[in-house]
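Quick notes on the structure that follows.
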Protein chains: 2
Amino acid sequence: MPETLARLAVRSQFWLMAGDESLAGPGRIELLRTIDETGSIRQAALRMGMSYRAAWDAVDAMNRRLGCDLVTRLTGGRSGGGARLTECGQRLIAAYARLEQDHQRHLARLSAKLQKLMG
Amino acid sequence: MPETLARLAVRSQFWLMAGDESLAGPGRIELLRTIDETGSIRQAALRMGMSYRAAWDAVDAMNRRLGCDLVTRLTGGRSGGGARLTECGQRLIAAYARLEQDHQRHLARLSAKLQKLMG
DNA sequence: AAGCGTTGTTCCGCAGTATATATAACGCAA
DNA sequence: TTGCGTTATATATACTGCGGAACAACGCTT
């Protein structure tokens, strides 16, 4: 007999913008982290369940849109090559993590306010 | 000869959740406002450049997911029928506007922090 | 009784996107 | 020199969401 409203909350995510172009959101940040762990675009794509091309496109777009490379790629060599996060890339994912904490706190406040407003 | 980074900023939007289902985001809120102004789902869809079906689906989903109706629909009659926002719907768009202000302020802080972190 | 414009509902086609496949280039190691 | 696993790139294929068309129902007005 519920004449009660469904429980209300607020969901939100954020994206880093380079100028007016989207640089990275949650997915791309996770991709950067996974590339850092695996040392390979292909392995990162595999682990995240995405196609290699999608991962490569994402990395390429990020490198182009930001002024400096986030990921350096090496072709050939003993292990076939690989990819590594630059110092700039490390800073970006660190900065994102800091912002994410702020964002979570903000979200909790928004949800509380919403419930207060809607009774 | 810019070795400078592209100007960084943060973009974000939020959605109202009913339980674990998405209730409304910016687009659906604007749809509710337009329905309120035009008194018709069809006219609102037309003005917003979306298909009637998309608008109808959105209204139906919102009504089902929240405990109470946001929009009441009338079939037939002199003008063919129409749609009106309930008091519950009015409260929701009002609440969303309040949250949006908070969110904008939050976003400005996030952007400032990002620029500080990335130099 | 007929007309009108809306709500309500189904179905098909299309376009844009993502995925899969294929292939070349690379450079170190054995 | 051959093999390997990766980066890099082009092409073809599959998928999925969305729009548009089509049609019934409704109820007030004339």
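Everything numeric in this text was worked out from a predicted model, so none of it was measured. Lettering follows sequence order; numbering is per chain, from 1.
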**Asked** Closest nucleotide of DNA chain C for A/S51 versus for B/G77: which of these residues is on the 5' side?
**Response** B/G77
**Prompt:** What is the minimum heavy-atom distance between A/C88 and A/L66, and which atoms define it?
**Reply:** SG-CD2, 4.0 Å
**Fill in**
Judged by nearest nucleotide, the residue sitting upstream toward the 5' end of DNA chain C, A/G80 or A/M50, is A/M50
**Complete:** To the nearest angstrom, the CG-C1' distance between A/L46 and C/dT19 comes to 14 Å
**Message:** Any base atoms under 4.0 Å from A/G82, or only sugar-phosphate, or nothing? Heavy atoms, all strands.
**Reply:** sugar-phosphate
**Message:** Just N and O in the side chain of A/T75: are any of them under 4.0 Å from OP1 or OP2 of D/dT7?
**Reply:** no
**Request:** For A/W56 and D/dA8, give me the distance from atom CH2 to atom C1', rounded to whole Å.
**Result:** 6 Å
**Short N-O contact, A/D102 and A/R98, less than 4.0 angstrom** = no
**Complete:** In whole angstroms, the gap separating C1' of C/dT9 from CD1 of B/I41 amounts to 13 Å
**Item:** Short side-chain N/O contact to D/dT7 OP1/OP2 from A/S40, under 4.0 Å
**Value:** yes
**Complete:** To the nearest angstrom, the CZ-P distance between A/R84 and D/dT7 comes to 13 Å
**Prompt:** Does A/R53 make a side-chain donor-acceptor contact with the base of D/dT11, cut-off 3.5 Å?
**Reply:** yes
**Message:** How many whole angstroms separate atom CZ of B/R42 from atom C1' of D/dG20?
**Reply:** 11 Å
**Rounded interatomic separation in angstrom, taking CZ from A/R78 and P from D/dT2** = 22 Å
List the atom pairs, with distances to 0.1 Å, where a side-chain N or O of residues 16-34 of chain A and a protein N or O form a donor-acceptor pair under 3.5 Å, not counting sequence neighbours.
residue: A/R28; atom: NH1; partner: A/L23; partner atom: O; Å: 3.0
residue: A/T34; atom: OG1; partner: A/E30; partner atom: O; Å: 2.7

**Item:** Gap between atoms CG and C1', on B/D60 and C/dT10 respectively (whole Å)
**Value:** 15 Å
**Item:** Short side-chain N/O contact from A/R73 to OP1 or OP2 of D/dA8, under 4.0 Å
**Value:** yes
**Item:** Mutual orientation of the aromatic rings belonging to B/H106 and A/H106 [parallel < 30°, tilted 30-60°, perpendicular > 60°]
**Value:** parallel
**A/F14 to B/S12 - nearest heavy-atom pair and separation** = CB-CB, 3.7 Å
**Request:** Using whole Å, report how far OH of A/Y52 lies from P of C/dT21.
**Result:** 17 Å
